[in-house]
Amino acid sequence: MKLRVFERDFKPQISRVDTRLGFGLSLMVLADLHFHYWGKREEALIKSISKFSDEVDAVFVLGDSYDERTESLDPLVSLLKSLNKPKFGVLGNHEHWANTKIPLEEGIGALREAGVRVLINESVEELGIRIGGIDWFEEEDQAARYLDEVGEVDILLSHTPDVIELDPRSSLVLAGHTHGGQVCFPIIGPIWTPSKYGTKYASGLFRVRGRLLYVSRGLGEMNPVRLNCPRELALLRI
């Protein structure tokens with residue numbers, strides 16, 4: 001394994017995953033964008049997104065698109081608007097935590113302006129499948145109520161992978177939040193993720209009690225320190 005100290009390659013790694021679910025669709029996953037301003041990372045990101053956007057049928061935005069350090073939502077809106085595809089998204093913890101600086105309704109409005117259908121404990125039928133989205137949650141009983149509101153879906157969007165342990169009624173769960181751990185060592189792997197389940201669902205594709213879970217390493221972070229854990233643009237076949 002090549003050791004990358006303080007990841008400086010702004011171009012995200014492209015992950016192609018075939019879930020073999022048989023829906024006949026291709027998806028792009030944008031997790032943890034953490035847009036603070038327009039810079040080299042954002043320039044590299046829009047080039048990658050533009051390069052692969054023609055391959056996909058829809059785009060899923062998995063929360064933490066902005067945070068407490070975001071200077072303006074305009075770059076985020078511009079990037080998402082550039083994707084002329086159906087877009088669906090959920091909120092993460094940082095959109096909620098940034099509420100005193102960027103009111104939540106303002107953030108949701110910006111995402112909607114960019115063409116993202118923000119799913120807050122609800123589901124829609126598009127592209128021949130049922131897509132649901134669960135809002136950020138702190139407690140399991142809160143999440144259980146949210147899942148009841150979402151109901152049975154083909155794809156569930158959740159900022160955190162922890163929802164998989166609550167047996168969501170979904171064939172596939174898409175999540176981010178972990179950043180893949182950001183700091184990973186050869187053989188050992190990630191040393192920590194912000195999950196109740198430690199590094200169990202750090203990144204990648206998992207089968208959990210008959211359901212699939214895909215966890216993206218994300219495209220940004222609050223603190224730009226990554227070790228052996230490059231940013232990821234995930235392209236999924238479902």
Side-chain angles (χ1 to χ4, degrees), residues 12-33 45-63 65 79-92 111-112 114-135 146-161 163-178 180 201-219 231-238:
Q13 185 178 83
I14 308 303
S15 297
R16 294 181 178 274
V17 180
D18 191 346
T19 66
R20 303 182 185 277
L21 286 173
F23 291 116
L25 296 171
S26 294
L27 316 175
M28 178 181 286
V29 175
L30 305 181
D32 300 281
L33 287 163
L45 178 55
I46 198 167
K47 287 179 182 177
S48 294
I49 286 176
S50 298
K51 180 179 179 180
F52 295 102
S53 62
D54 288 342
E55 296 185 17
V56 302
D57 300 296
V59 176
F60 293 107
V61 183
L62 301 183
S65 296
L79 180 137
L80 292 174
K81 269 188 174 180
S82 72
L83 286 164
N84 189 25
K85 298 287 180 176
K87 297 181 284 281
F88 308 89
V90 291
L91 303 175
L111 291 169
R112 288 174 175 163
V116 180
R117 176 72 183 267
V118 183
L119 300 173
I120 303 177
N121 307 323
E122 60 184 311
S123 62
V124 294
E125 190 161 348
E126 298 282 352
L127 304 171
I129 58 174
R130 195 85 188 162
I131 304 165
I134 181 174
D135 198 10
Y146 291 171
L147 287 173
D148 283 342
E149 294 177 35
V150 172
E152 186 171 351
V153 294
D154 296 304
I155 299 177
L156 177 69
L157 311 184
S158 170
H159 180 59
T160 172
V163 73
I164 194 67
E165 292 289 345
L166 299 178
D167 292 328
R169 289 179 287 164
S170 174
S171 299
L172 171 66
V173 176
L174 300 177
H177 188 53
T178 65
Y201 302 120
S203 66
L205 185 66
F206 304 87
R207 182 172 291 277
V208 184
R209 293 187 290 278
R211 300 175 182 84
L212 289 179
L213 165 69
Y214 189 80
V215 185
S216 169
R217 294 193 303 273
L219 289 157
R231 301 178 183 98
E232 175 187 36
L233 178 64
L235 305 174
L236 272 67
R237 184 71 180 169
I238 66 167

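Worth saying up front: this structure is predicted, and the values here are computed from it rather than measured.
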>> Between Arg231 and Asp32, does any NZ, NE, NH1 or NH2 come within less than 4.0 Å of an OD or OE carboxylate oxygen?
In response: no
> Which pairs count as salt bridge (charged side-chain N to carboxylate O under 4.0 Å, His left out) when at least one residue sits in residues 46-55, sequence neighbours excluded?
Replying inline: Arg16-Glu55
> Does a side-chain heavy-atom distance below 4.5 Å link Ile155 with Phe88?
Replying inline: no
>> Counting C-beta onward and ignoring hydrogens, is there a side-chain heavy-atom pair between Arg117 and Glu122 closer than 4.5 Å?
In response: yes
>> Between Leu233 and Met28, is there a side-chain heavy-atom distance shorter than 4.5 Å?
In response: yes
> For the residue pair Pro161 and Leu213, what are the closest heavy atoms and their distance?
Replying inline: CB-CD2, 4.1 Å
>> Test side chain to side chain contact (heavy atoms under 4.5 Å, CB included) on Leu91 and Leu111; report intermediate values, then the result.
In response: CA-CA 10 Å; Leu91 303 175; Leu111 291 169; 4.1 Å; yes
>> Testing the basics here: between Glu232 and Ser15, what is the closest heavy-atom pair and its distance to 0.1 Å?
In response: OE2-OG, 2.6 Å
>> When you measure from the side chain of Arg211 to the backbone of Ile164, do you find a donor-acceptor pair of N or O atoms at a distance under 3.5 Å?
In response: no
>> Within the supplied structure, the quantity of interest is the number of heavy atoms (other residues, nucleotides, ligands) at a distance under 6.0 Å from Asp148 CG; does it exceed 12?
In response: yes
> Do you know which two heavy atoms are closest between Gly24 and Asp57, and how far apart they sit?
Replying inline: O-OD2, 4.3 Å
>> Working to the nearest 0.5 angstrom, can you tell me the gap between Lys87 NZ and Lys81 NZ?
In response: 9.5 Å
> Does Val150 have any side chain to side chain contact (heavy atoms under 4.5 Å, CB included) partners at least two apart in sequence or in another chain, and if so, which?
Replying inline: Ser123, Val153, Leu156
> Does Glu165 reach the side chain of Arg209, with side-chain heavy atoms less than 4.5 Å apart?
Replying inline: yes
> Would you call Leu83 and Leu30 a side-chain contact if the rule is heavy atoms closer than 4.5 Å?
Replying inline: yes
> With sequence neighbours left out, what residues match Phe52 under ring pair (Phe, Tyr, Trp, His ring centres under 6.0 Å)?
Replying inline: none
> Between Asp154 and Leu21, does a side chain to side chain contact (heavy atoms under 4.5 Å, CB included) hold up when you go through it step by step?
Replying inline: CA-CA 10 Å; Asp154 296 304; Leu21 286 173; over 6 Å; no
>> Tell me every residue that passes side chain to side chain contact (heavy atoms under 4.5 Å, CB included) with Val90, counting only those two or more places apart in sequence or in another chain.
In response: Leu157
> At their closest point, which heavy atom of Leu62 faces which heavy atom of Gly176, and how far apart are they?
Replying inline: CD1-N, 4.2 Å
> Between atom OG of Ser65 and atom CG of Leu33, what is the distance when rounded to the nearest 0.5 Å?
Replying inline: 5.0 Å
> What's the shortest heavy-atom distance between Lys85 and Ser53, and which atoms?
Replying inline: CE-O, 3.0 Å
> Looking at CG of Leu172 and CZ of Arg207, how far apart are the two atoms once the value is rounded to the nearest 0.5 Å?
Replying inline: 10.5 Å
> How would you list, by chain and number, every residue that makes a side chain to side chain contact (heavy atoms under 4.5 Å, CB included) with Glu149, sequence neighbours excluded?
Replying inline: Asn121, Tyr146
> Hey, are the side chains of Ser216 and Phe60 touching, using non-hydrogen atoms and a 4.5 Å cut-off?
Replying inline: no
> Are Ile129 and Ile238 close enough that some pair of their side-chain heavy atoms sits under 4.5 Å apart?
Replying inline: yes
>> Less than 4.5 Å apart, side chain to side chain, heavy atoms only: is that true for Leu174 and Leu236?
In response: yes
> Taking only residues two or more places apart in sequence or in another chain, which ones pass salt bridge (Lys or Arg N to Asp or Glu O under 4.0 Å) with Asp18?
Replying inline: none
> Taking all non-hydrogen atoms of both residues, which atom of Ala58 and which atom of Leu127 are closest, and how far apart?
Replying inline: CB-CD1, 3.5 Å
>> side chain to side chain contact (heavy atoms under 4.5 Å, CB included) for Thr178 and Tyr201? Distances and angles first, verdict last.
In response: CA-CA 8 Å; Thr178 65; Tyr201 302 120; 5.7 Å; no
